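Reading through the structure tokens given below for one structure.
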Amino acid sequence: MPELPEVDAVVRRLREAAEKARVESVVVERAGTVAPQGMEEIGVVAGRRMERVWRRAKYILMEFSGGVYLRVHLRMTGNLYVLPDWRLRPVGARVWWRLSDGRVMIYEDPRALGRVHVVGWEEIEALDRELGPEPLGEEFTVGVLREILRGVKAPVKPVLMDQRRVAGIGNIYASEALWWARIHPGRPAGEVAAGKVKVLHGAIRKVLEHAVGSAYAEYTQPGKMAESESFGVEVYGREGERCSRCGTGVERMVQGGRSTFYCRRCQAW
DNA sequence: AGTCACCTGATT
DNA sequence: AATCAGGTGACT
């Protein structure tokens with residue numbers, strides 16, 4: 001479920017709920033979810049205080065006292081939040097952390113594709129180097145986007161979703177940004193006209209900023225994934241519906257095994 | 001650059 | 001029963 005905006009909402013929620021909280025104990029209900037595997041490793045956070053929580057791309061990073069870090073990736077169905085009592089945990093809870101005040105932080109993930117890794121600072125730095133710029137950060141300029149796309153023959157949509165090139169754009173917002181910029185998703189990235197790159201840059205930021213706002217607003221209920229995608233989404237998941245700009249039917253295609261939605265009239269090749 | 005694997009649940 | 005799912009990494 002989560003792309004950058006939803007992950008960002010999770011992080012802000014955790015900040016409010018659990019930053020500076022002390023972990024009493026850790027329970028792993030599904031061994032494959034944590035790495036390095038086993039209770040011994042993940043157990044190192046027991047007795048430590050969560051000093052800060054932040055986001056890089058779609059990763060959630062937590063620093064605990066004594067220089068221990070957790071790197072969480074929600075993949076498709078993960079979610080992370082605090083509940084008042086451990087007994088309230090849902091069926092899909094894979095890992096949970098009892099806090100010293102009696103509350104509990106839950107990593108829920110029905111499909112169990114996500115991961116919770118115990119890492120050191122070097123691994124956080126390495127991760128940072130492997131990932132492209134944050135699309136909502138100052139460093140993500142029109143010029144930077146132009147450099148990212150320049151000379152690339154691959155279709156522009158999968159390129160936008162490549163986390164090494166730009167960090168945090170997923171399947172929904174890639175489709176949405178291309179619709180706003182009127183660019184065909186299959187167009188070779190390097191062939192997108194300079195003027196359109198500028199529009200695309202603005203569209204990416206606009207779409208993500210809007211989603212960051214609504215994701216947070218709708219994330220107030222722990223345990224519930226946001227319905228943010230149903231609000232302000234123009235093409236994603238709307239095959240057969242009419243394009244709000246020109247009335248033409250929205251089409252679906254598959255790129256790299258993922259659904260892409262677009263308007264063939266607005267987004268001409 | 002494309003395909004599959006990882007998993008489970010919802011929907012057709 | 002079959003297909004689909006908002007992500008990523010490991011293959012070819």
Side-chain angles (χ1 to χ4, degrees), chain A residues 1-10 28-35 37 55-61 71-80 90-95 107-117 119 123 126-128 130-132 135 149 151-179 185-191 204 207-208 210-212 214-216 218-219 223-240 250 252-262:
Chain A
M1 303 183 157
E3 291 194 27
L4 182 154
E6 293 76 23
V7 176
D8 201 70
V10 167
V28 177
E29 295 213 17
R30 186 173 181 121
T33 295
V34 301
Q37 287 205 355
R55 176 189 66 74
R56 173 73 168 102
K58 299 170 197 168
Y59 291 90
I60 297 162
L61 303 166
R71 185 188 73 202
V72 180
H73 199 295
L74 308 175
R75 292 283 184 103
M76 300 280 268
T77 54
N79 201 0
L80 194 56
V91 176
R94 306 303 183 190
V95 184
Y107 176 66
E108 179 190 6
D109 189 355
R111 279 175 78 177
L113 293 172
R115 293 291 180 264
V116 178
H117 284 237
V119 297
E123 287 167 274
L127 178 70
D128 190 61
E130 289 161 15
L131 293 164
L149 302 181
V152 177
K153 290 174 187 159
V156 60
K157 191 227 178 195
V159 168
L160 292 180
M161 291 172 63
D162 181 346
Q163 304 298 298
R164 292 164 305 185
R165 291 168 154 131
V166 196
I169 302 176
N171 206 27
I172 293 181
Y173 302 118
S175 276
E176 292 298 307
L178 289 168
W179 181 85
R187 196 78 201 276
E191 289 179 19
I204 290 168
V207 162
L208 290 179
H210 178 268
V212 162
S214 48
Y216 186 59
E218 296 180 32
Y219 255 108
K224 282 231 168 199
M225 252 354 235
E227 301 295 329
S228 56
E229 69 270 21
S230 63
F231 184 74
V233 170
E234 296 285 347
V235 285
Y236 185 84
R238 297 183 178 261
E239 183 182 17
V250 172
R252 171 182 181 264
M253 66 189 281
V254 175
Q255 295 180 294
R258 317 294 307 281
S259 290
T260 298
F261 299 87
Y262 68 108

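Each chain gets a letter, A, B and so on, in the order its sequence line appears, and its residues count up from 1. Only a predicted model underlies this, so the values are computations on that prediction, with no experimental measurement involved.
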* Would you indicate what A:Tyr59 reaches in the nucleic acid, counting non-hydrogen atoms under 4.0 angstrom: base, sugar-phosphate, or nothing? => sugar-phosphate

* Roughly how far apart are A:Met253 CE and A:Glu239 CD, rounded to 0.5 Å? -> 12.0 Å

* Provide the distance between the two C1' atoms, one in B:dA10 and one in C:dT8, to the nearest whole Å. => 22 Å

* To do: Rounded to the nearest angstrom, tell me the gap between atom CZ in A:Arg258 and atom P in C:dC4.
  => 13 Å

* What's the CD1-P distance between A:Ile172 and C:dA5, to the nearest Å? -> 11 Å

* Under the 3.5 angstrom rule, does the side chain of A:Glu108 hit a backbone N or O of A:Pro90 as a donor-acceptor pair? -> no

* Determine: side-chain N/O of A:His73 to OP1/OP2 of C:dG7, distance under 4.0 Å, yes or no. => no

* To do: For nucleotides B:dA5 and C:dT3, find the distance between their P atoms and express it as a whole number of Å.
  => 15 Å

* Taking NZ, NE, NH1 and NH2 as the nitrogens, is one of them in A:Asp8 or A:Arg55 under 4.0 Å from a carboxylate oxygen of the other? -> yes

* **Secondary structure string for DNA chain B (Watson-Crick or G-U under 3.5 angstrom, | for other-strand pairs)** => ||||||.|||||

* Asked: Atom CG of A:Leu131 and atom CG of A:Leu127: how far apart are they, to the nearest 0.5 Å?
  -> 4.5 Å

* To do: Rounded to the nearest angstrom, tell me the gap between atom CZ in A:Arg164 and atom P in C:dA10.
  => 11 Å

Under 3.5 Å, which N/O atoms of the protein pair with N/O atoms of nucleotides 7-11 of chain B?
| unit_1 | atom_1 | unit_2 | atom_2 | d |
| --- | --- | --- | --- | --- |
| B:dC7 | O3' | A:Arg30 | NH2 | 3.2 |
| B:dC7 | O2 | A:Arg111 | NE | 2.7 |
| B:dC7 | N3 | A:Arg111 | NH2 | 3.2 |
| B:dT8 | OP1 | A:Arg30 | NH1 | 3.0 |
| B:dT8 | OP1 | A:Arg30 | NH2 | 3.4 |

* Under the salt bridge (charged side-chain N to carboxylate O under 4.0 Å, His left out) criterion, do A:Asp128 and A:Arg56 qualify, and how do the steps go? -> CA-CA 7 Å; A:Asp128 190 61; A:Arg56 173 73 168 102; 2.6 Å; yes

* When the distance from CE of A:Met253 to C1' of B:dA1 is rounded to whole Å, what number comes out? -> 14 Å

* **A:Arg75 side chain vs A:Arg111 backbone, donor-acceptor pair below 3.5 Å** => no

* To do: Report yes if at least one side-chain N or O of A:Lys58 is closer than 4.0 Å to OP1 or OP2 of C:dT8; otherwise report no.
  => yes

* **C:dC4 to B:dC4 separation - C1' atoms, rounded to the nearest Å** => 16 Å

* Give a yes/no answer on whether the side chain of A:Gln163 brings an N or O atom under 4.0 Å of OP1 or OP2 in C:dT8. => yes

* Residues in ring-ring contact (aromatic ring centres under 6.0 Å, His included) contact with A:His117, at least two apart in sequence or another chain -> none

* To do: Just do the side-chain contact (heavy atoms from CB on, under 4.5 Å) check on A:Val233 and A:Glu176 with the steps written out, would you?
  => CA-CA 7 Å; A:Val233 170; A:Glu176 292 298 307; 3.2 Å; yes

* Given the P atoms of C:dG9 and B:dG9, what is the spacing between them in whole Å? -> 24 Å

* **Touch class at under 4.0 angstrom, heavy-atom based, for A:Gly257 against every strand present** => nothing

* **Passing candidate, side chain to side chain contact (heavy atoms under 4.5 Å, CB included) with A:Tyr236, options A:Thr260, A:Val250, A:Asn171** => A:Asn171

* Quickly work out the A:Gln255 CD to C:dG6 P distance and round it to whole Å. => 13 Å

* Specify the separation, in whole Å, of atom CG of A:Leu160 and atom C1' of C:dG7. => 16 Å

* **Whole-Å gap separating P (C:dG7) and CZ (A:Arg71)** => 17 Å

* Asked: Taking side chain as C-beta onward, heavy atoms only, is A:Pro5 less than 4.5 Å from A:Tyr173?
  -> yes

* Among C:dG6, C:dG7, C:dA5, the one nearest A:Met161 by side-chain distance -> C:dG7

* Separation of A:Glu239 atom CD from C:dG6 atom P, in whole Å? -> 13 Å

